[in-house]
Protein chains: 4
Amino acid sequence: MSRELAKEARRQQLIEATIDGIARKGFSDVKIADVAEAAGLSVGIVNFYFKSKDALLIATLKHLVDDYERHVKETLARAGKSAAAQIDAMIEADFARTHANRKYVTVWYAFWGETRWRPEFSKLCADLSTSFQESMTDAMRRLIEEGGYRDIDPALIARGFNAMIDGLWLDMLINPKQTDRETAKASVRAFLAGLFPNEFGRRPAANDAAGSAA
Amino acid sequence: MSRELAKEARRQQLIEATIDGIARKGFSDVKIADVAEAAGLSVGIVNFYFKSKDALLIATLKHLVDDYERHVKETLARAGKSAAAQIDAMIEADFARTHANRKYVTVWYAFWGETRWRPEFSKLCADLSTSFQESMTDAMRRLIEEGGYRDIDPALIARGFNAMIDGLWLDMLINPKQTDRETAKASVRAFLAGLFPNEFGRRPAANDAAGSAA
Amino acid sequence: MSRELAKEARRQQLIEATIDGIARKGFSDVKIADVAEAAGLSVGIVNFYFKSKDALLIATLKHLVDDYERHVKETLARAGKSAAAQIDAMIEADFARTHANRKYVTVWYAFWGETRWRPEFSKLCADLSTSFQESMTDAMRRLIEEGGYRDIDPALIARGFNAMIDGLWLDMLINPKQTDRETAKASVRAFLAGLFPNEFGRRPAANDAAGSAA
Amino acid sequence: MSRELAKEARRQQLIEATIDGIARKGFSDVKIADVAEAAGLSVGIVNFYFKSKDALLIATLKHLVDDYERHVKETLARAGKSAAAQIDAMIEADFARTHANRKYVTVWYAFWGETRWRPEFSKLCADLSTSFQESMTDAMRRLIEEGGYRDIDPALIARGFNAMIDGLWLDMLINPKQTDRETAKASVRAFLAGLFPNEFGRRPAANDAAGSAA
DNA sequence: AATGAATGAGAATTCATTCAT
DNA sequence: AATGAATGAATTCTCATTCAT
């Protein structure tokens, strides 16, 4: 039992080291040796826990996806149940210090850059994207109903909302000086304020939006 | 002179081959040999026209940037002069069949994925991003003035607008079935309609927005 | 004492597993891990009972040699005492189902293939070869005397006899469909029939040769 | 044209180096680096001319087979046309200094030792073996007819003849001191003398056998 | 005794770059 | 200018051996 746990711990250790390695050296430049060194282990052990470098990379992306989903789930659970509160919590989740930081954004973009040629990456990313598109569409639909809005297509809004967040991450990657987390959140809320003035119109603060909807 | 032209033609030929190569094989898997073969030339000649593979890659990104800027400039020149018309033309430019296609989006994301560790990439991307952020902020400011809107921060809106476009490209990359060019454009316009109902509120068609503003 | 026996039993178990492993995977492809798995033991234990993989391989060849010698000895003991009967029994021994089968022949040739560069293999094989050359020369000499033959060099015949058997094993390895045990035995006897018509001339059956000589 | 020739020459050079390498270091111990060094080239070039080490090994065996077949063909062409002369020439061919030497025999046994697990080796060896079995059976049949012999099965004799030669090569490998080329040839002829006294009975010299048959 | 995770030297293979032709 | 054979550093993966438990 403790041995099984130790094995899983080693895997996590190597995955974390891989994330660090990608962040530090770049996707096409992390070597197995870098990962091993970062984990304080020998190169042989990497190929012992992961059949190949590819398998390690896939496991790493899977880890990122799971971690992101868990993070979002937890954030949403802590937020108010109204659609507005949930959407606002989503913004907070997406720009939380723990996730919307240089290291994570860097690594996510590294994976997205390679996704096109790696079916396993592709699947993981597509599933995540689809799942969020669906739940955001749902949230938007509820928001439209709750707020009595008209002529707004929830799917279109959800898509734009998700896209804006991914694009703002890219901004943080490319122009870290210009785009900080607060600016990014304010951008998203500014757009939502246009569509949903009652819920997002007054102040761009997260608590406020959640509060006003409650 | 004609020798210089021929030289430049060869360089273009190799850059195009590089774009094809990245699109087909992936950033970390294009070999000099692939590029040479695609261009119908020998490997030796690639290192003759470009000092190194790195230099070729930088030249390729530069080409993409220049091409995108030229494309936008041309599209904007053809559009009405009002802020709304210009912004709408920008949407059309960003989702033109010639640029928002699988090949180009793939290659752009490949470069963005690597940008973090390549100062030259970084510079090119940051400059492009800054330049568009500035001109979009300007356009948004004019739109706000022209439309008599209040409480809208043009910089925030410009940032979100640009981000949404990049994010929708990612959608096209990851979920090509769900996100086509028309859906993407409709998404952007749906958001603008919230903020600028007079210019983007009625119909989602590009010509209409441009026309109503003219 | 029982501990010593257990130890010896483990060694035998590992040697058998090695033979199986070589037969299944090939000499240069059997891993310690394969041997351990086949024996139902851990890799660590292999290096505990045998100082090194090399030592295991040497012990395995020693086992094969001993086993072959024991087998021949037993077969000869059961046969008639005449030279002809002994020689014929030798043929039977060499093509007994227990020894001239695909697995054993495979493994013997695997060792012979490596013999050249392993002094310990070399020694074992040379000793076995020399010992059989001597005893066969002796048997041939007796056969020549007993049969009153002339102008036959027993050493030359013994050498050819032994060689033919090894060569027929190679046939069984390379062309298993064409060369079965019975064909092989018939081949050897056909040659002996030319030299020793009285003892091997009439019928090719083993019992007959042994019997007619008795 | 000269470039094509040079390419073929390089391949031959590498194949020869491989044969040397196997002879010197052993089948499972020749490294690409050894081959490259023996050929006075860099390691990269080996993988340039041969897709993989495996491919190099297969090409090497093919070379050995071709070379052996050519050698036999040439020897037979120079010999008398009678069956006896041809068979005798075959013995000479098999024990010619150029082919039945330590280096070649070593390498042949190295390949035979691995044949079992390499389908390509297997095919090459089986084809060679079958082809020689057929032509020797044919030669034996003619010898039987020409000599008016009875009760001799040509296929059985051919098989034993070929086997004896392979087995004598093994002797030369394992007991080089005891088994020289002349002894080996004398062994084969001693056996043939029993079956075909008129053609192989008097003296074991090659010329004589060919001559007496002519 | 026994286990199997961990080590690390060693090998095949890849590929950007060079350079003789 | 152009070619493509040749180089060799770099990287992944393998596996005999060790050693803490």
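Every chain is numbered from 1 and lettered A, B, ... according to where its sequence line falls, protein lines coming before strand lines. Every heavy atom of this structure was used, including side-chain atoms; hydrogens, water molecules and symmetry mates were not.
- Nearest nucleotide to the side chain of B:Lys31, out of F:dT12, E:dA16, E:dA5: E:dA16.
- At the phosphate of E:dA12, neither OP1 nor OP2 sits under 4.0 Å from any side-chain N or O atom of D:Asn47.
- Nearest-nucleotide mapping onto DNA chain E: of D:Ala33 and C:Ile45, the residue sitting toward the 5' end is C:Ile45.
- Look at D:Lys62 and D:Asp66 and you find no salt bridge, because none of the NZ, NE, NH1 or NH2 atoms lies under 4.0 Å from a carboxylate O.
- Pairing partner, F:dT14: E:dA9, with both Watson-Crick or wobble hydrogen-bond distances short of 3.5 Å.
- Atom CZ in C:Phe48 sits about 16 Å away from atom C1' in F:dA20, given to the nearest Å.
- Of all nucleotides present, only F:dA2 satisfies the Watson-Crick or G-U wobble test against E:dT21, with each distance under 3.5 Å.
- Of the listed residues (D:Val46, D:Leu57, D:Ile32, D:Val30), just one forms a side-chain contact (heavy atoms from CB on, under 4.5 Å) with D:Thr18, and that residue is D:Leu57.
- Positionally, the nearest nucleotide of DNA chain F for B:Leu41 lies more toward the 5' end than for the other of A:Gly44 and B:Leu41.
- Toward the 5' end of DNA chain F, the nearer of the two residues A:Lys51 and B:Val43, judged by each one's closest nucleotide, is B:Val43.
- Atom CG of C:Asp54 is separated from atom P of F:dC15 by 16 Å (rounded to the nearest Å).
- Between B:Tyr109 and A:Tyr109, the ring planes lie parallel to each other; the angle is under 30°, not in the 30° to 60° tilted range.
- A salt bridge is defined here as a Lys NZ or Arg NE, NH1 or NH2 lying under 4.0 Å from an Asp or Glu carboxylate O, and C:Asp20 with C:Lys103 meets this definition.
- Side-chain contact of B:Glu8 with B:Gln12: a donor-acceptor pair under 3.5 Å is present, judged by distance alone.
- When rounded to the nearest whole Å, the span between NZ of D:Lys53 and P of F:dC13 equals 19 Å.
- OP1 and OP2 of F:dA1 both lie 4.0 Å or more from every side-chain N or O belonging to B:Arg10.
- Closest approach to the B:Ile32 side chain among E:dT17, F:dT11, F:dA6 is made by E:dT17 (side chain taken as heavy atoms from C-beta onward).
- Residue B:Tyr49 places no side-chain N or O under 4.0 Å from the OP1 or OP2 atom of F:dA1.
- If you measure from atom CG of A:Leu56 to atom P of F:dC13, you get 10 Å, rounded to the nearest angstrom.
- Put simply, CD on A:Glu37 is 14 Å from P on F:dT12, counting in whole angstrom units.
- Across the protein-nucleic acid pair, B:Leu14 atom CG and F:dA1 atom C1' stand 13 Å apart, rounded to whole Å.
- Between D:Asp29 atom CG and E:dA11 atom P there is a gap of 8 Å when expressed in whole angstrom units.
- Taking atom NZ on D:Lys7 and atom C1' on F:dG4, their separation rounds to 8 Å, with Å as the unit.
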